[in-house]
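Below: one structure in structure tokens.
Read the numbers this way: they start at 1 and go in the same order the structure lists the ligands and their atoms. FYI, the numbering just counts along the sequence from 1.
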Amino acid sequence: MNAAAPTFLMPSLLKSSCFLLLTALTARAAPVNASLRPGLDLNGQWHRIVDPYDTGYYDYRLQPYDAAAQPSGGFFLDRRPQAETDLIEYSFDASPLLAVPGDWNSQDERLLYYEGTVWYRRLFDYTPSGANSRVFLWFGAANYEADVYLNGHKLGHHVGGFTPFAFEATALLQPSGNSLVVRVNNQRRRAGVPTVMTDWWNYGGLTRDVRLVEAPATFIADCAIHLASGARDRIAVRVRLDGAQPVQKITITIPELSLTAGSTTGADGVAAIELAAPGLALWSPDRPKLYTVTVAAETDGLTDEIGFRTIAVRGHDILLNGQPLFLRGICLHEENPLRGGRAFSPADATLLLGWARELNCNFVRLAHYPHNEHMARLADKLGLLLWEEIPVYWAITWDDPDTLANARNQLAELIGRDQNRASVIVWSVANETPVGEARTRFLRTLIDDARSRDGTRLVSAAMEVRTDPADADHKIVDDPLGEFTDLQSFNEYVGWYDGLPEKIARVRWTISRDKPVIISEFGADAVQGMHGGPNTRFSEEYQEQVYRLTLPMLDKIPQFRGCTPWILCDFRSPRRVLPQIQDGWNRKGLIGENGQRKKAFDVLKAYYAGHLGVPEPRGSTTTDQR
Ligand code: GCU
């Protein structure tokens with residue numbers, strides 16, 4: 001799969017020194033659990049200006065207006081004519097509206113293919129409830145780059161379309177008539193994460209919730225709550241405060257277990273606390289037990305619903321709470337096919353995870369980027385295990401330090417958001433990336449980051465399979481990256497991109513590492529309602545045949561411990577152009593864009609019904625305890 005660089009011209013300032021400068025403008029410490037804190041919901045209808053030439057950002061010499069001390073122009077100033085002589089060539093008040101949260105592509109068919117800049121503007125009034133409160137403008141996500149302005153002043157810049165960020169606005173907030181302007185640009189970039197070629201729709205916009213969040217002058221900026229290493233009845237909590245009063249008493253309370261423990265943060269605002277938790281019920285798909293946990297500092301506090309579980313690998317086995325586990329999974333994109341567009345709401349999460357449950361799944365791979373927070377929180381409640389991933393996808397610019405910094409930042413923001421979600425058991429750092437030294441170095445950095453930020457989960461990537469040049473039926477999994485991951489997880493498309501379904505039963509595997517095998521993708525396209533023979537491409541029968549033959553083939557792999565077939569439902573992709581068949585949709589879903597199940601849906605559902613119990617041990621075992 002080769003990628004053509006887009007022709008979009010950007011001035012030289014987008015070179016590395018600029019990325020470092022931009023990181024200086026990136027989000028500082030923000031209150032943890034921002035989506036649960038008091039403040040103001042800024043969702044709703046926002047005025048928007050579609051600006052393909054970035055007229056509102058650059059002057060005709062391609063100099064950004066917001067780089068000037070006294071900007072001479074720029075839509076972020078949100079000016080209105082004061083006199084008949086005033087020349088102002090834009091007006092948010094007179095501009096159309098876009099719903100937030102939501103992508104712009106599915107809200108206006110003229111914007112379906114639009115990639116570029118859209119300006120959003122929202123007016124609001126807000127008076128902080130506390131005298132010394134700090135206020136932050138928090139975004140669940142904005143694809144791909146966002147410049148945020150309040151009352152004509154720049155708060156910050158964020159890169160990465162799928163993770164939360166926030167900027168402090170305390171000094172600029174007015175009691176009324178605040179003008180919040182956001183420039184969102186979803187232009188694809190060769191050095192971006194993801195890069196220019198993906199197999200999903202590049203939905204742009206303020207795709208998730210926007211809130212003004214109020215927090216005390218010193219607040220909890222980070223908080224990790226999980227079982228202590230190697231224990232099932234001890235809880236470890238790490239808290240970090242941000243603000244002028246870093247040294248504070250911290251109290252952890254779990255009322256249901258009558259547990260309380262305390263400590264004091266150091267000068268760095270950090271405290272690590274361990275508490276014994278006799279009688280703790282562990283979280284699992286069969287019993288997704290959540291406890292109300294309160295973390296109280298002297299000036300701030302948070303309450304969250306937390307599940308406690310261990311996840312580890314031992315030889316070929318994946319162990320949940322010490323018990324071998326078979327992962328009955330499915331992949332899904334963050335898209336609601338029935339409504340069209342990016343999924344963003346609790347209702348979207350209920351729909352998509354509900355379909356996965358109907359399939360008898362206990363595991364979902366959220367591909368290929370961090371999905372919204374509602375997914376992980378609902379998975380905690382439903383008892384669905386999750387694989388979460390950052391969009392290091394296909395041919396990334398491995399040697400570009402800015403690309404690496406960008407990927408590391410996206411991983412850090414994802415882990416920062418979901419580190420307390422019991423449902424999340426795997427951090428994935430990449431999908432189908434070409435074997436090579438620079439690439440493996442790049443991905444090892446991410447794997448090390450994931451392990452150092454959160455040592456309680458498995459780390460992996462969706463790797464590729466190579467074919468024995470001497471034997472097309474002999475598949476080899478020996479990606480050097482597999483040395484550093486906890487799972488041997490790889491994508492295989494025997495029977496679709498590689499031969500016909502009849503080839504599947506002939507395939508032999510050589511898997512170089514003695515680790516649990518997870519098939520992170522397999523599948524075939526089928527148009528819902530289109531019928532033919534088992535070799536009729538795009539028919540339901542072809543897809544059904546691929547599932548019928550693949551599952552027993554995988555069962556023969558001794559280390560096989562689960563799979564996430566590609567994919568739960570059809571999804572939009574600009575790469576899929578076959579008329580009357582694809583029409584801009586990847587058709588590998590088990591559910592059509594109309595919500596109708598395809599025949600293969602029942603094949604997988606029945607197969608998983610046969611795997612509801614604990615998998616019988618197969619193949620050799622060695623120890624590796626987390
Ligand atoms: C790839 C890739 C997916 C893609 C799928 C397909 O393996 O990871 O993002 O959509 O194959 O070709 O359908």
ask   = Can you list the atoms of ligand 1 that are under 4.0 Å from a heavy atom of His368?
value = 3 (C), 8 (O), 9 (O)
query = So, Arg457 and Asp454, do they make that salt bridge, N to O below 4.0 Å?
reply = yes
request  = Please work out which of the three classes, parallel, tilted or perpendicular, describes the rings of Trp509 and Phe490, given edges at 30° and 60°.
outcome  = tilted
query = Which part of Thr198 is near ligand 1, with near meaning a heavy atom under 4.0 Å away: side chain, backbone, both or neither?
reply = neither
ask   = In terms of side-chain geometry, is the basic nitrogen of Arg508 or Asp473 positioned less than 4.0 Å from the acidic oxygen of its partner?
value = no
remark   = In ligand 1, the atoms that come under 4.0 Å of a heavy atom of Arg576 are 6 (C), 12 (O), 13 (O)
message = Exactly one of His374, His371, Glu334 should register a side-chain hydrogen bond (donor to acceptor under 3.5 Å, both in side chains) with Arg208. Which one does?
response = Glu334
message = For the residue pair Arg110 and Trp104, would you count it as a cation-pi contact if the rule is NZ or CZ under 6.0 angstrom from the ring centre and within 45 degrees of the ring axis?
response = no
request  = Run the contact test for Glu464 against ligand 1 with a 4.0 Å cut-off on heavy atoms, strictly below, and give the result.
outcome  = no
message = Can you confirm, on distance only, whether ligand 1 has an N/O atom lying under 3.5 Å from any N/O atom belonging to Glu521?
response = yes
query = Between Arg342 and Asp103, does at least one N-O distance fall below 4.0 Å, as a salt bridge requires?
reply = no
key: Contact check: Trp394 vs ligand 1, nitrogen or oxygen atoms, below 3.5 angstrom   = no
ask   = With a cut-off of 4.0 Å, which atoms of ligand 1 are near a heavy atom of Phe571?
value = 10 (O)
key: NZ/NE/NH1/NH2 to OD/OE distance under 4.0 Å, Asp498 and Lys475   = yes
request  = Please work out whether any backbone atom (N, CA, C, O) or any side-chain heavy atom from C-beta onward of Asn586 is under 4.0 Å from ligand 1, and answer side chain, backbone, both or neither.
outcome  = side chain
key: Residue pair Thr564 / Trp387, side-chain heavy-atom distance below 4.5 Å   = no
task = Would you kindly specify which portion of Arg575 sits under 4.0 Å from ligand 1, judged on non-hydrogen atoms: side chain, backbone, both or neither?
result = neither
Trp566 and ligand 1 - part of the residue with a heavy-atom distance under 4.0 Å = side chain
key: Per atom 9 (O) of ligand 1, closest listed option by heavy atom (Tyr393, Tyr497, Phe522)   = Tyr393
